[in-house]
J.: 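Let me give you the structure first, and then I'll get to my questions.
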Amino acid sequence: MSKNIEGVGEVELPSTLKEKLKNFWYHYKWHSVIALVLVIALLVCTLQLCKKESYDTYILYAGSKSIGRTAEGGDVAEIETVISSLKKVTDDFDGDGTVKVNFTNYFFLSANEAQNTENYNDALLANDRKALSGALEHSEYYLVLISKSVYEQYHKVGDSELFADLTSYKNINPSAEYYRDNAILLSSVDASKLPGLSGLPEDTLICIRYPSSLGGKSKEHKELFENAKRVLLNILSVDLT
C-alpha cells in the first residue's frame, strides 16, 4: 500500500501487522521503553505499599542506653526482650489476632553526659542525634521513652510543647512520679521491672508526642496517637506486687 505525501512523493505504508509493529517500534522505540519503565516502577511501588506491615503501636527510645540488636550463643537479643515486654502492654488494635510493636531506639548523650562517658561510639551518636530530631517531630512514634536530657532538648517546638499533658492519668496510678506535667518517670511504675525495660536508665521518662501539623492529621496518625495513649494507660496499670 502506498500514499502520496505532498513534498515527499509516493511512500510505501506498512500493510501487515508485523510491518506495522516494526514501523511503530522504529518511530516510538524510546517512548515505549520509558513508558514500560514507568509502569514497572509504579507496579513495584504499589506492591510494596500493599505489603507494608501494620503495627498496633510505634514506640521510640532515646537516651544513654545502647540497646543491643544482636546476641551470641543462642541468647535473645536485648531489643527482642524489650519488644516482648512492650507487647504485654499493647492491645491488638487492628484486630488481626496478633500484637505487633514497632520499636526503634536512638543513642543520645548530652554534651555533659558525653564528657563523663567512656568508650561510646562517636559515629553512632552523631547519626542517631541527626535522625532523632526528625523522628520526634514527624513520625509514627507517638509513645516515647526518653532520657531527661532528650526531654530538655526537644520538648519545645518553637513556643509549643512537643508532648501531650499527662496529668489526667494521675488517678490511674497515684504512685507514678511526674518530671513535668507531660513526662512520667518510668522507674516509678511497675512496668519498669519488666524484662528489657528494667535495663533502661533510671532517668527514663514516658511521654506522648502530639501529632505533627504536617502528616499527623491523617486518619492513620490519629489512630496511632490514640493507641499510644491506650498503651500508656496499660503501662501505668501494670501491677507486679
Side-chain angles (χ1 to χ4, degrees), residues 52-63 65 67 78-106 132 135-148 150-151 154-155 161-201 203-212 215-241:
K52 183 182 178 182
E53 189 168 4
S54 171
Y55 292 94
D56 294 294
T57 193
Y58 292 74
I59 301 174
L60 173 154
Y61 167 75
K65 170 73 174 177
I67 299 175
E78 188 175 16
I79 193 169
E80 294 301 328
T81 302
V82 172
I83 292 173
S84 178
S85 288
L86 292 174
K87 285 181 178 181
K88 294 176 182 177
V89 292
T90 301
D91 298 333
D92 178 18
F93 294 112
D94 59 14
D96 67 353
T98 306
V99 174
K100 286 174 286 188
V101 174
N102 187 310
F103 176 78
T104 190
N105 61 293
Y106 297 92
L132 177 60
L136 284 175
E137 292 184 29
H138 311 291
S139 75
E140 301 96 337
Y141 296 93
Y142 288 107
L143 182 64
V144 300
L145 306 172
I146 56 177
S147 66
K148 289 181 180 178
V150 172
Y151 176 92
Y154 292 101
H155 77 98
E161 285 287 346
L162 178 64
F163 304 119
D165 186 284
L166 302 179
T167 53
S168 62
Y169 290 85
K170 286 187 175 181
N171 63 328
I172 304 299
N173 189 335
S175 66
E177 295 179 26
Y178 283 71
Y179 178 65
R180 300 282 171 78
D181 285 345
N182 55 6
I184 299 172
L185 198 63
L186 175 63
S187 60
S188 69
V189 300
D190 273 6
S192 66
K193 301 172 185 176
L194 293 172
L197 299 184
S198 61
L200 297 181
D203 72 337
T204 302
L205 304 172
I206 314 169
C207 302
I208 293 181
R209 281 181 47 238
Y210 279 123
S212 69
K217 304 302 182 184
S218 69
K219 180 183 177 183
E220 178 187 7
H221 279 260
K222 287 179 180 178
E223 289 178 350
L224 289 173
F225 177 65
E226 293 301 320
N227 292 355
K229 291 194 289 185
R230 178 65 197 185
V231 173
L232 174 58
L233 180 66
N234 293 343
I235 288 174
L236 296 178
S237 300
V238 171
D239 186 355
L240 298 179
T241 57

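Heads up: numbering here begins at 1 and tracks the sequence.
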J.: To the nearest 0.5 angstrom, please state how far the OH atom of Tyr151 sits from the CG atom of Asp203.
T.: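 CG of Asp203 is found 13.5 Å from OH of Tyr151.
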J.: Answer with yes or no after comparing the ring centroid distance for Tyr210 and Phe163 against a 6.0 Å cut-off, counting only values under it.
T.: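 No: the rings miss the under 6.0 Å criterion.
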J.: Between the side chain of Thr90 and the main-chain N/O of Leu86, is any donor-acceptor distance below 3.5 Å?
T.: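 At least one qualifying donor-acceptor pair exists.
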J.: Taking Asn102 for the side chain and Tyr55 for the main chain, is one N or O donor matched with an acceptor at less than 3.5 Å?
T.: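 Pair absent, no side-chain N/O of Asn102 close to backbone of Tyr55.
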J.: Name the one of Val144, Ile184, Leu143 that satisfies side-chain contact (heavy atoms from CB on, under 4.5 Å) with Ile208?
T.: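 Among Val144, Ile184, Leu143, the one that satisfies the side-chain contact (heavy atoms from CB on, under 4.5 Å) with Ile208 is Leu143.
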J.: Can Glu161 and His155 be counted as having a side-chain donor-acceptor contact under 3.5 angstrom?
T.: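 Result is yes, a qualifying pair exists.
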J.: Using modelled atom types and a 3.5 Å cut-off, is there a donor and acceptor pairing between side-chain atoms of Asp92 and backbone atoms of Val99?
T.: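 Answer holds: no.
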J.: Can a salt bridge be assigned to the pair Lys65 and Glu78 using a cut-off of 4.0 Å between side-chain N and carboxylate O?
T.: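 Yes, charged N to carboxylate O under 4.0 Å.
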J.: May I have the step-by-step check of side-chain hydrogen bond (donor to acceptor under 3.5 Å, both in side chains) for Ser175 and Asn173, ending in yes or no?
T.: CA-CA 5 Å; Ser175 66; Asn173 189 335; 2.5 Å; yes
J.: Less than 3.5 Å apart, any donor N or O on the side chain of Thr241 or Asp239 sitting next to an acceptor on the other?
T.: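 Indeed, the side chains of Thr241 and Asp239 share at least one donor-acceptor pair under 3.5 Å.
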J.: Counting only N and O atoms by type, is there a donor-acceptor contact under 3.5 Å from the side chain of Arg180 to the main-chain atoms of Asp165?
T.: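 Looks like no, no N/O pair under 3.5 Å.
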J.: State, yes or no, whether a side-chain contact exists between Asn234 and Val238 at a heavy-atom distance under 4.5 Å.
T.: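 No; the side chains remain at least 4.5 Å from each other.
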J.: Can you give me the closest heavy-atom contact between Leu236 and Ala176, atom names plus distance?
T.: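 Of all heavy-atom pairs spanning Leu236 and Ala176, the closest is CD2-CB, 4.3 Å.
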J.: Distance check, rounded to the nearest 0.5 Å: Leu145 atom CG versus Ser192 atom OG?
T.: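 Output value for this atom pair is 11.0 Å.
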J.: Can you name the closest pair of heavy atoms from Ala62 and Leu132 and give their distance?
T.: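 Answer, listing the atom of Ala62 first, then Leu132: CB-CD1, 3.7 Å.
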J.: If you define the side chain from C-beta out and look only at heavy atoms, does anything of Ile146 sit under 4.5 Å from Tyr61?
T.: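 No. Closest side-chain heavy atoms not under 4.5 Å.
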J.: Is it true that a side-chain atom of Asp56 and a backbone atom of Phe93 form a donor plus acceptor pair closer than 3.5 Å?
T.: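 Yes.
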J.: Taking C-beta and beyond as the side chain, do Val150 and Leu136 meet within less than 4.5 Å on heavy atoms?
T.: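 Result yes, sub-4.5 Å side-chain heavy-atom pair found.
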J.: Counting only N and O atoms by type, is there a donor-acceptor contact under 3.5 Å from the side chain of Tyr141 to the main-chain atoms of Phe103?
T.: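 No; judged by distance alone, with no hydrogens or angles, the pair does not exist.
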J.: Between atom CD1 of Ile235 and atom CG of Leu186, what is the distance when rounded to the nearest 0.5 Å?
T.: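 One gets 7.5 Å once the value is rounded to the nearest 0.5 Å.
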J.: Which word best sums up how the rings of Tyr142 and Phe225 line up, parallel for under 30°, tilted for 30 to 60°, or perpendicular for over 60°?
T.: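 Aromatic pair Tyr142/Phe225 classed perpendicular.
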J.: Could you report the tightest heavy-atom contact between Leu240 and Asp190, atom names first, then the distance?
T.: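 Leu240 and Asp190 have their closest heavy atoms at N-OD2, 2.8 Å.
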J.: Stepwise, does the side-chain contact (heavy atoms from CB on, under 4.5 Å) test hold for Glu137 with Ser212?
T.: CA-CA 6 Å; Glu137 292 184 29; Ser212 69; 5.9 Å; no
J.: Walk me through it: do Lys222 and Lys219 pass the test side-chain contact (heavy atoms from CB on, under 4.5 Å)?
T.: CA-CA 5 Å; Lys222 287 179 180 178; Lys219 180 183 177 183; 5.7 Å; no
J.: Mark yes or no for whether Thr204, through its side chain, and Leu200, through its backbone, hold a donor-acceptor pair below 3.5 Å.
T.: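 Between the backbone of Leu200 and the side chain of Thr204 there is no qualifying donor-acceptor contact (under 3.5 Å).
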J.: With rounding to the nearest 0.5 angstrom, report the CZ to CD distance, Arg209 to Glu140.
T.: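 The CD atom of Glu140 is 9.0 Å from CZ of Arg209, to the nearest 0.5 Å.
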J.: Please find the pair of heavy atoms, one from Ala183 and one from Leu205, that lie closest to each other, and give the distance.
T.: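 Answer, listing the atom of Ala183 first, then Leu205: CB-CD1, 4.0 Å.
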J.: Main chain of Val82, side chain of Ser85: is a donor-acceptor contact present, judged purely on distance under 3.5 Å?
T.: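 Side chain of Ser85 to backbone of Val82: no pair is present.
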J.: Enter the distance from Glu223:CD to Ser218:OG here, rounded to the nearest 0.5 Å.
T.: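 Reported value, rounded in 0.5 Å steps: 8.5 Å.
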J.: side-chain contact (heavy atoms from CB on, under 4.5 Å) between Asn105 and Leu60: does it pass, once the steps are laid out?
T.: CA-CA 6 Å; Asn105 61 293; Leu60 173 154; over 6 Å; no
J.: Return yes if some donor-acceptor pair links the side-chain N/O of Arg230 with the main-chain N/O of Asp91 below 3.5 Å, else return no.
T.: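 No; zero donor-acceptor contacts below 3.5 Å.
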J.: Tyr178 and Leu166: which non-hydrogen atoms are nearest, and at how many Å?
T.: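 Tyr178 and Leu166 have their closest heavy atoms at OH-O, 3.1 Å.
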J.: Lys193 vs Val189, test: side-chain contact (heavy atoms from CB on, under 4.5 Å). Steps then yes/no.
T.: CA-CA 8 Å; Lys193 301 172 185 176; Val189 300; over 6 Å; no
J.: Testing the 3.5 Å rule here: is there a donor-acceptor pair between the side chains of Tyr58 and Asn227?
T.: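 No - no donor-acceptor pair under 3.5 Å links their side chains.
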J.: Do the side chain of Ser188 and the main chain of Leu185 share a donor and acceptor less than 3.5 angstrom apart?
T.: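 At least one qualifying donor-acceptor pair exists.
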J.: Ignoring hydrogens and angles, state whether a donor on the side chain of Asp94 or Ser54 is under 3.5 Å from an acceptor on the partner side chain.
T.: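 Yes, side-chain donor-acceptor contact under 3.5 Å.
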